[in-house]
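For clarity, every value in this text was computed on a predicted model and none was experimentally measured.
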Amino acid sequence: MKIKRVLIPVILLLLSAEALAQQPDVRVRLLTLYRLSQLTITPLGPTTVVVNGKAISLHNAISLKAEANSVTTDTHQVPQVSLSGNFQITSEGVRPEHIQGAADISSREGQLRIVARLPVEDYIAIALQGETAGNMPAESLKAMAVAIRSYTTHFRDRHKNEGFDFCDTTHCQFLRMEVTPAVRAAAQQTSGELLWDRGTPLAAYYHKACGGQTESASTVWPDQKSPALPAHDDPYCARASHTWRTEMSRADLTLALTNAGLHIPAGWSQIVITQRTPSGRARTLHLVAGGSEVPLSASSLRFAVGRSFGWSKLKSDWYQIAQQGDEVVFTGKGVGHGVGLCQTGAEQMAKQGKSYRDILGFYYAGASLGNSAQGIAWSTTQTQAFDVRVVNAADAATVQDRVRAALAWAEKQSGLALAAHPVIQVYPSVAMFRDSTGEPGWVAASTRGNRIRLQPPGVLGERFAKVLQHELLHLIVEGHARAGTPLWFREGLVILLAGDEEPPARTRMSGPEIDRVIAARTSQDQVQQAYGAAAAMVRELDRQHGRMQLLEWLRGGLPGPLGVSSQPAGNKFPS
């Protein structure tokens with residue numbers, strides 16, 4: 001397969017170690033099922049609002065209204081309002097949403113759309129809270145945290161064409177913003193850990209209860225053929241699960257199927273199971289009408305009934321069917337699709353003293369657990385100054401020479417010594433780099449802690465040395481930066497130290513806005529603008545105060561609220 005080389009300015013490819021300590025922020029559409037025309041934003045702590053590209057501190061509640069394809073505030077009509085900090089979103093008839101992070105609010109055809117931008121580990125915690133309510137032992141919560149993180153990484157592009165990553169419904173993962181300490185601890189104690197299937201994050205499906213037999217992923221989703229998601233016996237769930245019974249009239253079933261847009265025969269009188277999966281679940285049903293029969297998939301029936309009458313009606317596809325006059329009686333076991341981790345079984349395993357690693361090994365047999373790509377043969381070469389990890393052995397010597405030269409250049413250019421012992425990890429393909437790091441395709445390298453992760457040398461070509469220099473400069477700057485030093489200053493300082501031509505900045509941006517755009521990385525053009533603005537701000541500081549002063553500020557902290565506009569009270573929006 002031919003790999004497309006994206007030739008873009010190298011400055012776009014480089015992001016700070018702190019900004020990349022996790023995967024990119026998760027973009028989540030909130031209140032997806034509601035049609036919102038008006039809402040209120042109430043600050044619960046320090047909150048910044050960006051209107052017309054300018055940031056101010058928000059001190060009082062503000063109202064936003066949808067107006068066609070724009071958002072109206074008290075004084076402005078703008079395409080989008082962006083917020084960051086600690087705030088609550090409320091609207092009549094919907095549950096309040098408490099956000100500690102950032103959100104963009106826009107309007108589509110007169111309806112407000114809220115897209116929160118959350119650090120990936122925060123998203124894992126609120127998804128874990130939503131999917132479990134926190135009512136599980138600690139080890140099973142940790143197993144679920146790893147499964148949710150792997151699922152999140154694998155399906156990151158699910159709503160890409162709609163401008164966000166995930167919705168907040170069961171279509172993706174159900175969310176609860178208020179997280180209990182137990183759930184927070186489970187996410188933190190497994191931070192960064194993923195399940196890997198042959199070097200790619202596993203599609204780690206999970207469900208409530210399998211009833212004693214899990215289902216294979218390929219049976220439910222033919223395109224998911226992972227050997228780590230087979231059907232197998234589950235004695236842990238078998239001992240804890242119970243059968244369920246549901247009665248529905250033919251009229252209600254007809255209504256549900258019609259609402260789902262499915263073809264059903266007029267005057268059907270009976271529904272029968274004609275095919276089952278190897279695990280025993282219903283696969284194909286037939287609706288009988290006189291002498292004719294119309295096939296219907298069991299999953300289509302379950303989703304149709306769930307959307308019309310709630311998901312507690314048909315809890316799974318594992319059931320028997322009986323007719324009692326006009327009533328159709330379903331008697332079954334299990335809750336959900338049955339693929340992957342069974343929450344009921346995991347809970348029982350934890351109660352018996354099994355660790356989260358034991359639980360994951362039982363439900364995802366064959367998958368590897370780790371913070372970086374597993375299931376591929378990495379070769380590590382250690383030197384006094386750095387380590388190099390490669391898959392293609394032929395890359396090792398070349399990479400070592402280039403790292404040694406890049407490190408010497410970065411320390412001389414900055415006048416600072418590297419504090420950490422870096423690990424340079426070179427991926428053998430673009431696909432594996434993207435799957436492992438969660439980065440968009442236009443990012444050539446990312447840094448996590450002291451680990452620099454790079455696309456293949458053959459893809460980067462002549463840019464490989466420049467990419468290394470910048471990443472090592474980032475490690476040097478981060479190693480000397482005082483806690484809380486703004487991202488715009490650190491990024492701009494790296495550009496300055498590298499001696500690169502300043503990226504073009506077509507618009508002025510505040511410090512908080514630069515930080516938001518660089519951390520979110522939603523589009524290449526926006527990131528380029530943010531880097532240009534950061535470079536311009538730091539270059540001006542260098543002109544006024546000199547290089548030594550900038551390095552002192554890096555170590556000791558910036559004086560005053562550089563790059564932030566604020567008001568002592570009230571909300572006065574910039575024109």
Side-chain angles (χ1 to χ4, degrees), residues 6 8-24 371-373 380-381 383 385-390 395-396 398-428 430 432-434 436-481 485 487-500 503 518-519 521 527-528 530-531 534-535 538 554:
V6 183
I8 58 179
V10 72
I11 196 63
L12 293 180
L13 310 177
L14 307 162
L15 303 169
S16 76
E18 183 172 315
L20 291 177
Q22 303 294 347
Q23 297 180 40
N371 290 73
S372 59
T380 302
T381 301
T383 74
F386 55 84
D387 295 349
V388 170
R389 299 189 77 216
V390 297
D395 292 336
T398 300
V399 171
Q400 285 183 62
D401 290 342
R402 292 186 178 186
V403 173
R404 191 173 290 109
L407 178 56
W409 177 90
E411 291 187 329
K412 180 180 179 181
Q413 193 76 0
S414 65
L416 301 171
L418 182 64
H421 184 90
V423 177
I424 316 300
Q425 186 161 322
V426 181
Y427 285 86
V430 174
M432 191 171 292
F433 169 83
R434 291 168 61 185
S436 178
T437 64
E439 296 295 344
W442 44 270
V443 171
S446 74
T447 301
R448 182 190 179 98
N450 70 327
R451 188 179 299 269
I452 295 173
R453 305 173 293 180
L454 296 155
Q455 288 193 21
V459 173
L460 295 179
E462 295 179 356
R463 296 179 295 146
F464 189 80
K466 195 68 172 176
V467 170
L468 267 175
Q469 290 173 357
H470 273 268
E471 292 299 315
L472 288 165
L473 271 178
H474 276 301
L475 283 185
I476 289 172
V477 167
E478 296 300 326
H480 290 270
T485 301
L487 179 57
W488 67 263
F489 181 76
R490 306 195 314 268
E491 294 292 346
L493 183 58
V494 168
I495 297 171
L496 182 70
L497 293 174
D500 289 326
I518 291 178
R521 306 196 287 294
V527 171
Q528 184 175 22
Y531 275 115
V538 173
L554 175 70

Self-check item: Reported OG1-to-CD distance for the pair T485 and E478, which is rounded to 0.5 angstrom
Solution: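 Nearest 0.5 Å value for the OG1-CD distance: 8.5 Å.
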
Exercise. Measure the spacing between CG of L475 and CZ of R451 and express it to the nearest 0.5 Å.
Key: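 Those atoms lie 12.0 Å apart.
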
Practice problem: For T383, check side-chain hydrogen bond (donor to acceptor under 3.5 Å, both in side chains) against everything at least two apart and list the hits. | Solution: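 So T383 forms no side-chain hydrogen bond (donor to acceptor under 3.5 Å, both in side chains) with any residue.
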
Quiz item: D387: what forms a side-chain hydrogen bond (donor to acceptor under 3.5 Å, both in side chains) with it, not counting sequence neighbours?
Solution: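 Result, side-chain hydrogen bond (donor to acceptor under 3.5 Å, both in side chains) vs D387: H421.
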
Is the closest side-chain heavy-atom distance between [X] and [Y] below 4.5 Å?
{"X": "L454", "Y": "L468", "result": "yes"}
{"X": "W409", "Y": "L473", "result": "yes"}
{"X": "V538", "Y": "I495", "result": "no"}
{"X": "L497", "Y": "V477", "result": "yes"}

Quiz prompt | Nearest heavy-atom neighbours spanning P456 and Y427 | solution =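 Heavy-atom minimum between the residues: CG-O, 3.1 Å.
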
Exercise. Considering non-hydrogen atoms only, spot the tightest contact between A481 and R490 and give its length.
Key: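 Minimum heavy-atom separation between A481 and R490: CB-CD, 4.0 Å.
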
Self-check item: Partners passing side-chain contact (heavy atoms from CB on, under 4.5 Å) against A530 (at least two apart in sequence or in another chain)
Solution: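 In terms of side-chain contact (heavy atoms from CB on, under 4.5 Å), with neighbours along the sequence ignored, A530 is linked to M509, I514, V517, I518.
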
Practice problem: Just jot down the side-chain contact (heavy atoms from CB on, under 4.5 Å) partners of E411, sequence neighbours excluded, or say none. | Solution: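 With neighbours one apart ignored, the set is L407, A417, L418, I476.
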
